[in-house]
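Written out below as structure tokens is the structure these notes cover.
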Number of protein chains: 2
Amino acid sequence: MANIQEVAQKAGVSVATVSRVLNNNSTVSPSTRLKVENAIKELNYEPSMLGRNLRNSESRLLLVLIPSISNPFYTEIINGIQNTAIAHHYNILLCETNSNPEREDIYFNMVKNKLADGVISMDPTVNMQKLIELAENHSIILCSEYDESNVIPYVSIDNELAAYHAVKHLIKIGNEKIALINSDEKFLYARQRRSGYERALAEFNLPLRKEWIYNTTQLDFQDGVQAMRMLLKLKEKPSAIFAVSDTLAIGALKEMNASGLKAPDDIAVVGFDNISFSNMTNPTLTTVAQPMYKMGCTAATMLINSIHENKVESILLDHELIIRESTMG
Amino acid sequence: MANIQEVAQKAGVSVATVSRVLNNNSTVSPSTRLKVENAIKELNYEPSMLGRNLRNSESRLLLVLIPSISNPFYTEIINGIQNTAIAHHYNILLCETNSNPEREDIYFNMVKNKLADGVISMDPTVNMQKLIELAENHSIILCSEYDESNVIPYVSIDNELAAYHAVKHLIKIGNEKIALINSDEKFLYARQRRSGYERALAEFNLPLRKEWIYNTTQLDFQDGVQAMRMLLKLKEKPSAIFAVSDTLAIGALKEMNASGLKAPDDIAVVGFDNISFSNMTNPTLTTVAQPMYKMGCTAATMLINSIHENKVESILLDHELIIRESTMG
DNA sequence: CATAGTAATGTAATCGATTACAAAATAAAT
DNA sequence: ATTTATTTTGTAATCGATTACATTACTATG
């Protein structure tokens, strides 16, 4: 691959002139511009981003941290991020951390090393301490997951309110014994959603029974299966279930099926996230939809603003309850 | 962020010495090494990859092209790629092309621009012409998808044989009227799987009826729903279905459910890919599993070998038929 | 025609690292 | 003590671009 020197030589001009043509900056006479353009074509020249980035000390690359690409929840968010980034001439680098701190470090280093201009983190297991440290010198946005200290700008939804709405819906359709399948409450969203669940119960004077709250370690289908298995063993079984993730809810439905139970007649189920599978289950799953695409766009816009040294404010977007068969009689 | 000059100054040595400590290359005396290491710590210095990469003209970044991260099929492959890459001190850049040629161009340019050292393409819609052109000067591996011309090394499975096995299984359990839900046959794998389907039918002297072959445009659930809807409208309905993707098969199951039909009693169904959700459906889905993790590892190993100028041969890995409820009486 | 003013191009420093080669410091041998 | 060999360190070129500043080539004006 040719470099700028060779192009300059072939065109019979200096490297500066070639660079000017490349960036169509200052005034280059039409005739020399043509000469340079021809030389570029002939040599099949492509400017090296390494050289350019080193000089400009920017990479126009954005890091997007996700714990696992297998979680369909991230799909639309990433689309939003990507479209927005590309519109601003940035590219994104999808980084799957698998919640592995070492892998996380690799990506943090890319930012420190100027190989990326900023980070959007969607990893709830991210080392917040390190991230905050990184945020002192670099642009970082939290998306969907965030930190209460509000040191790092975030975009998310009101998890407490969303959970409240979901549970209220279950109550409205006649349920009084409502279980919660929650993830590990070390995560902020898990604590917030539990709090919304509790608020709804309290508001209608329904009992809050701790055996109806099951915490999973992961968010896989299998965890939902396991949770439901436990709940069905109870003497007093719940009549409805709010799961904080569609994957858990789908696992729960699967286990109900295996036990010959039907939603919503035997047990009504509400999930969270509106992943594409949630419309493929039998019955289809009632769920809370987050404005994922918009969330992605917003996160990207915030990050790019932050990179350009603009002040950035955290944002909470609206959610929506999508009622399907698993809560419709 | 400090640079190597400042470290050198603080340590009272030359930049060369600092660089030597960084790469713990040649012999640096223990005492100066200590001085340098202290300076590095004090200044919180991290070497700039831009400078290093420019000088070494490598980025140690691998591009992984996928059409869409929403397809769960890629999950394990990517894990394999990532683990192998990291073991060799490479990082991967996940690139979602959305089958958009412009986006594809962006990523191709990153390679031409030395911002990435090589590419693993898993995008069946990739512009093969351009890719082959790129392969003249750069390291490229095709994974799962490939090109018959064999100009670019690939790792895949024997699609014809896998389809043959799947259909033979349907025949063995007593089906004679077997439909094929195939994707667009512009894709090589689609042609190969159809060919395996036809071979199995021919071997058992079963009729090959063109109304039992349905081609979808995409691989979404909805396409499977649509396909099944058409097949159920036929005067003579098939008794079994081989779908070339689990997503299609799951859509088909969904539509059967909606019509009050049960697998396998009314219609047996076999999918392809063994995505995690295929074990969550009701009934669970019989499917052809590809050794996805291994495929990813192999692809990464091949690419890294190729980057290091080693000769690389294409490889076909073994598949496995996983029999579940959708074909078990 | 001389000269000022503007447009076009070139020169060379710079970004932050690596490394061949040169030079200095130290150790070993006579 | 001098020479030689070896270890350690420094100097400066290099990777491929951008850009401030200098210089040259035009144009216009009196």
Side-chain angles (χ1 to χ4, degrees), chain A residues 1-40 43-61 89 109-117 137, chain B residues 1-40 43-61 89 109-117 137:
Chain A
M1 181 68 71
N3 61 16
I4 200 172
Q5 322 282 345
E6 302 175 48
V7 173
Q9 185 158 16
K10 173 143 230 150
V13 297
S14 72
V15 292
T17 304
V18 176
S19 178
R20 288 191 190 102
V21 171
L22 254 32
N23 299 291
N24 46 305
N25 256 358
S26 40
T27 41
V28 177
S29 79
S31 66
T32 47
R33 154 159 278 126
L34 202 68
K35 276 193 295 181
V36 171
E37 278 167 351
N38 284 337
I40 289 176
L43 293 173
N44 221 323
Y45 165 76
E46 301 267 353
S48 152
M49 293 215 168
L50 286 178
R52 176 176 289 173
N53 292 349
L54 173 59
R55 180 58 222 233
N56 295 344
S57 89
E58 65 163 11
S59 63
R60 300 203 83 82
L61 237 41
H89 300 103
N109 276 333
M110 289 187 67
V111 183
K112 291 190 195 160
N113 288 332
K114 310 259 187 183
L115 223 62
D117 293 347
N137 296 305
Chain B
M1 180 70 68
N3 61 18
I4 199 172
Q5 322 282 345
E6 302 175 47
V7 173
Q9 186 157 16
K10 173 140 230 149
V13 299
S14 72
V15 292
T17 304
V18 177
S19 178
R20 288 190 190 102
V21 171
L22 253 34
N23 300 291
N24 47 304
N25 256 357
S26 39
T27 40
V28 178
S29 78
S31 68
T32 47
R33 153 160 279 127
L34 202 68
K35 278 193 293 181
V36 172
E37 277 166 352
N38 285 336
I40 288 176
L43 293 174
N44 221 324
Y45 165 77
E46 301 266 355
S48 152
M49 291 212 171
L50 286 178
R52 178 175 287 174
N53 292 349
L54 173 60
R55 177 59 221 231
N56 295 344
S57 90
E58 65 165 10
S59 63
R60 300 202 82 82
L61 237 41
H89 301 103
N109 277 332
M110 290 187 66
V111 184
K112 291 191 197 162
N113 289 331
K114 310 257 186 185
L115 223 64
D117 292 346
N137 296 304

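Order of the sequence lines fixes the chain letters, A, B, ..., with proteins taken first and strands second; residue numbering starts at 1 for each chain. Scope of the values below: all heavy atoms of this structure, side chains included, with no hydrogens, waters or symmetry mates.
- B:L34 has its CG atom 12 Å from the P atom of D:dT9, to the nearest Å.
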Where do N or O atoms of nucleotides 13-17 of chain C meet protein N or O atoms at under 3.5 Å, pair by pair?
from: C:dT14; atom 1: O2; to: A:R55; atom 2: NH1; distance (Å): 2.6
from: C:dG16; atom 1: OP2; to: B:N3; atom 2: ND2; distance (Å): 3.3
from: C:dG16; atom 1: N2; to: B:G51; atom 2: O; distance (Å): 3.1
from: C:dA17; atom 1: OP1; to: B:Y45; atom 2: OH; distance (Å): 2.8
from: C:dA17; atom 1: OP1; to: B:S48; atom 2: N; distance (Å): 2.4
from: C:dA17; atom 1: OP2; to: B:I4; atom 2: N; distance (Å): 2.4
from: C:dA17; atom 1: OP2; to: B:Y45; atom 2: OH; distance (Å): 3.4
from: C:dA17; atom 1: O5'; to: B:Y45; atom 2: OH; distance (Å): 3.3

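- For the pair A:A8 and A:V15, the tightest heavy-atom approach, listed with the atom from each and the gap, is CB-N, 3.7 Å.
- Counting any heavy atom pair closer than 4.0 Å across all strands shown, B:V13 reaches sugar-phosphate atoms only and no base atom.
- A:N3 places a side-chain N or O within donor-acceptor distance of the main-chain N or O of A:Q5, the cut-off being under 3.5 Å.
- Taking side-chain N and O atoms only, B:T32 has no distance below 4.0 Å to OP1 or OP2 of D:dT8.
- Using a 4.5 Å heavy-atom threshold, the side chains of A:S59 and A:L115 count as separate.
- With B:R60 contributing its side chain and B:H89 its backbone, the two residues share a donor-acceptor pair below 3.5 Å.
- Contact check on B:R33 versus B:E37 returns a salt bridge, with a Lys/Arg side-chain nitrogen under 4.0 Å from an Asp/Glu carboxylate oxygen.
- Put simply, the side chain of B:V36 reaches to within 4.5 Å of the side chain of B:V13, judged on heavy atoms.
- Each end of the helix from C:dC1-D:dG30 to C:dT30-D:dA1 yields a helix axis from five base pairs, and these two axes differ in direction by 60° (to the nearest 10 degrees).
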Produce the list of close N/O pairs, under 3.5 Å, pairing protein atoms with atoms of nucleotides 21-24 of chain C; give distances to one decimal.
none

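- Of the side-chain N and O atoms in A:T27, none sit less than 4.0 angstrom from OP1 or OP2 of C:dA7.
- Using modelled atom types, no side-chain atom of B:S57 and backbone atom of B:L54 make a donor-acceptor pair closer than 3.5 Å.
- Contact annotation: A:S29 reaches the phosphate of C:dT9 (side-chain N/O to OP1 or OP2, under 4.0 Å).
- Residues forming a side chain to side chain contact (heavy atoms under 4.5 Å, CB included) with B:R55 (at least two apart in sequence, or on another chain): none.
- Taking atom NZ on B:K35 and atom P on D:dT8, their separation rounds to 13 Å, with Å as the unit.
- With sequence neighbours excluded, the residues satisfying side chain to side chain contact (heavy atoms under 4.5 Å, CB included) with A:S19 are A:I4, A:N23.
- Contacts of B:K112 classified as side chain to side chain contact (heavy atoms under 4.5 Å, CB included), with partners at least two apart in sequence or in another chain: A:M1, A:E46, B:N109, B:L134, B:H138.
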Could you go step by step and tell me if B:S48 and A:N113 meet the side-chain hydrogen bond (donor to acceptor under 3.5 Å, both in side chains) rule? CA-CA 5 Å; B:S48 152; A:N113 288 332; over 6 Å; no
